[in-house]
Amino acid sequence: MALENDIPFPLTIPKELPIHENMDESIFNALMETGYSQAVRGETYSVAEVFEELERGL
């Protein structure tokens with residue numbers, strides 16, 4: 001697999017963002033479980049941290 005700016009996966013933006021109305025219950029529950037697990041593990045960023053990174057120009 002070729003690297004894209006040293007990132008080992010393709011950088012693509014989905015054409016549509018997932019919305020609850022377009023997914024079945026199992027997909028929605030899996031997404032919610034992933035988000036909850038990330039929050040419990042502390043894999044979060046404050047709004048201030050996000051805006052600081054955006055201002056630095058990621």
Side-chain angles (χ1 to χ4, degrees):
M1 169 183 249
L3 294 179
E4 210 170 302
N5 293 327
D6 296 325
I7 299 173
F9 50 84
L11 299 174
T12 58
I13 299 173
K15 293 194 185 294
E16 293 182 18
L17 295 174
I19 58 172
H20 188 212
E21 290 80 13
N22 292 343
M23 37 178 117
D24 65 25
E25 186 175 355
S26 64
I27 293 173
F28 176 76
N29 289 343
L31 286 172
M32 294 297 103
E33 183 177 350
T34 298
Y36 179 77
S37 296
Q38 289 173 322
V40 168
R41 290 191 305 268
E43 297 174 1
T44 61
Y45 297 95
S46 69
V47 171
E49 289 173 307
V50 171
F51 279 102
E52 284 173 18
E53 290 222 15
L54 289 172
E55 288 171 358
R56 281 197 299 254
L58 290 177

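The structure displayed is predicted, hence computed values, not measured ones.
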query: Taking only residues two or more places apart in sequence, or in another chain, which ones meet E49 in a salt bridge (Lys or Arg N to Asp or Glu O under 4.0 Å)?
result: none
Intermediate values then yes/no, side-chain contact (heavy atoms from CB on, under 4.5 Å), L54 and F51: CA-CA 5 Å; L54 289 172; F51 279 102; 4.3 Å; yes
Using a 3.5 Å cut-off and no angle test, enumerate the donor-acceptor pairs between side-chain atoms of residues 16-25 and protein atoms at least two apart in sequence or in another chain.
unit_1	atom_1	unit_2	atom_2	d
D24	OD1	S26	N	3.3
D24	OD1	S26	OG	2.9
D24	OD1	I27	N	3.0

message: I'd like to check the side chain to side chain contact (heavy atoms under 4.5 Å, CB included) partners of E33; sequence neighbours left out, ordered by chain and number.
response: S37
query: When clusters are formed from ILVMFWY side-chain contacts under 4.5 Å, directly or step by step, what else is grouped with Y36?
result: V40
